[in-house]
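Before any comments, here is the structure.
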Amino acid sequence: MAQISRVLHTSFLPHFPQSPLPPSSHNGASPAVPFRYRTRSSISSSPSTTSRASEARPIPWGCEIESLESASALQQWLSESGLPPQKMAIQRVDVGERGLVALKNIRKGEKLLFVPPSLVITADSDWSCLEAGNVMRRNSVPDWPLLATYLISEASLMNSSRWCSYISALPRQPYSLLYWTRSELDTYLVASQIRERAIERITDVEGTYNDLKVRIFSKYPQLFPEEIFNMRTFMWSFGILFSRLVRLPSMDGKVALVPWADMLNHSSEVETFLDYDKSSQGIVFTTDRSYQPGEQVFISYGKKSNGELLLSYGFVAKEGANPDDSVELSLPLNKSDKCYKEKLEALQKYGLSTPQRFPLQITGWSLEMKAYAYLVVCPPNMSQHFEEMAAAASNKSTSKAGINYPELEEQTLQFLLDCCESSIAKYTKFLEGGGAPDSVPTNAKQANRKLLLKKLATELCTSERRILYRTQYVLRRRLRDMRSGELRALTIFNGFRKLFK
């Protein structure tokens, strides 16, 4: 799977009305919480420390880049292990460093892959080290940390593991945000809300590892030696899960790693996804378009913003090419508000906070964001509506059509415009070179990494600012029309007054 040109799961737009995500889209479970065993660390734990350790001591398995050689070895092993003849082959491609390319004409509606369950990694897979697997299961470790530990255990065995060829074809260090240092996040993503999501994710992984270390690894050091099971290797294994794990609804919703299928790259122009086919007893997908020999074959990882793609896969779609793109806008309560305490209590009752992030798309904003903005500008004499507004902002309102307060409309739109323009200013500062100064690279490898990360950040910030510009235009126009309408109404009213006088 090409990490620099692909995309990850979790609905990043929990408040945006949209069709359900395909149940098997990559990272089918929520990104930040699903794998959490129990987290004790906080956001202050330094991601940069972990990343520096990773750079100093590279992962001893996988490939430096996603090479065709390791992929060809994987294909050969899969064929020898029961993968049926394929209509696709691994080749170097334009979208992604490598991908699956059609060898023959492929019809629309045709089923492809047929990966047998014996070649799929799930929480039920047999461990090469049986005792380690038994310890993890006796402790009822959830699927995500269990699979992360399983990957490390099998990878450490090298040729002794049946998954050796698969693990050798996995990237040693992809460019998803899990592998960016805190300094890189602060330098390149200072304007984007995805920075906060990345810090949350890194903190979650660190907390999960620390809990496993305290509860299990430290008690069984002969099975889980720290030189193998450490923060560095857990960052690697969780990075693999975030970018490759799928949920298979026809296998009772199991999450799984599917070798060969995870060589497929993402396209927003297709909607097909992976699932288990009972008739053929294999993991398949059904094409929703035809392919000619030599064309790259795609699947969908779900409806994801460019921020999500960068967060989990390390790439950003071309500007304007992602119809599901969005940007998160942060809305704060004003601490000087006379009703700040009452408003905050109403928000907290419905699981919200301040500031609260809401998604914007090129097509507009959500009803939930509008309801939150109503609450922010609501005056004390309307305090009886605080709870209704908070409920609507959390999508827990009993009203299907949303709420409407005409008397607050102008003030609400102006508040949203102010937040939007504040965010635009941050993006513009970064894109025009006014951000924090870059550190000076000490070698060619660091220089190349710096160029790549800056390119990715620039592409993301450009696409997110584009959405903000569109929102700014719409808000300004609505306010202009509203104010000119009010002026016309006042002129007419004054005319009537003069007439009657």
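A side-chain donor-acceptor contact under 3.5 Å links Y291 to the backbone of F298. At distances below 3.5 Å, not a single donor-acceptor pair connects side-chain atoms of T286 with backbone N or O atoms of T272. A donor-acceptor pair under 3.5 Å is formed between the side chain of N265 and the backbone N or O of R98. The main-chain N or O of D186 is never found under 3.5 Å from a side-chain atom of W180 such that the two would form a donor-acceptor pair. Side-chain atoms of S237 come within 3.5 Å of backbone N or O of F234 as a donor-acceptor pair. Formation of a donor-acceptor pair under 3.5 Å by the E295 side chain with backbone atoms of Q292 is found in this model. With hydrogens and angles disregarded, a donor-acceptor distance shorter than 3.5 Å links the side chain of K343 to the backbone of V376.
Atom CG of residue L112 and atom CG of residue L100 lie 9.5 Å apart, to the nearest 0.5 angstrom. Between the CD1 atom of I424 and the CG atom of L468 there is a distance of 5.0 Å, given to the nearest 0.5 Å. Once rounded to the nearest 0.5 Å, the distance linking CG of L177 with OG1 of T181 reads 11.0 Å.
Residue pairs that meet the salt bridge (charged side-chain N to carboxylate O under 4.0 Å, His left out) test with at least one member in residues 417-428, sequence neighbours left out, are E421-R476.
Under the 4.0 Å criterion applied to side-chain N and carboxylate O atoms, K349 and E345 are not assigned as salt-bridge partners. Salt bridge status for E328 with R197: present, with a side-chain N to carboxylate O gap under 4.0 Å.
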Step by step, work out the salt bridge (charged side-chain N to carboxylate O under 4.0 Å, His left out) result for E184 and R449. CA-CA 10 Å; E184 289 166 345; R449 175 183 172 84; 2.8 Å; yes
Check the pair E206, R182 against salt bridge (charged side-chain N to carboxylate O under 4.0 Å, His left out), reporting the backbone distance first and the verdict last. CA-CA 14 Å; E206 290 177 338; R182 182 60 180 269; over 6 Å; no
Would E269 and R289 count as a salt bridge (charged side-chain N to carboxylate O under 4.0 Å, His left out) if you check the C-alpha gap in whole Å, the side-chain angles of each, and the deciding distance to 0.1 Å? CA-CA 10 Å; E269 297 178 359; R289 51 155 290 193; 5.5 Å; no
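A 6.0 Å sphere centred on CZ of R107 holds no more than 12 heavy atoms belonging to other residues, nucleotides or ligands. Other residues, nucleotides and ligands contribute only 12 or fewer heavy atoms inside 6.0 Å of the OH atom of Y473.
Using a 4.5 Å heavy-atom threshold, the side chains of N322 and S463 count as separate.
Nearest heavy atom pair, residue M235 against residue Y179, reads O-OH, 3.0 Å.
Side chains of N395 and Y350: no donor on one and acceptor on the other come within 3.5 Å.
Ring-plane geometry between W144 and F238 is classed as parallel, the angle between the planes falling under 30 degrees on a 0 to 90 degree scale with a further cut at 60.
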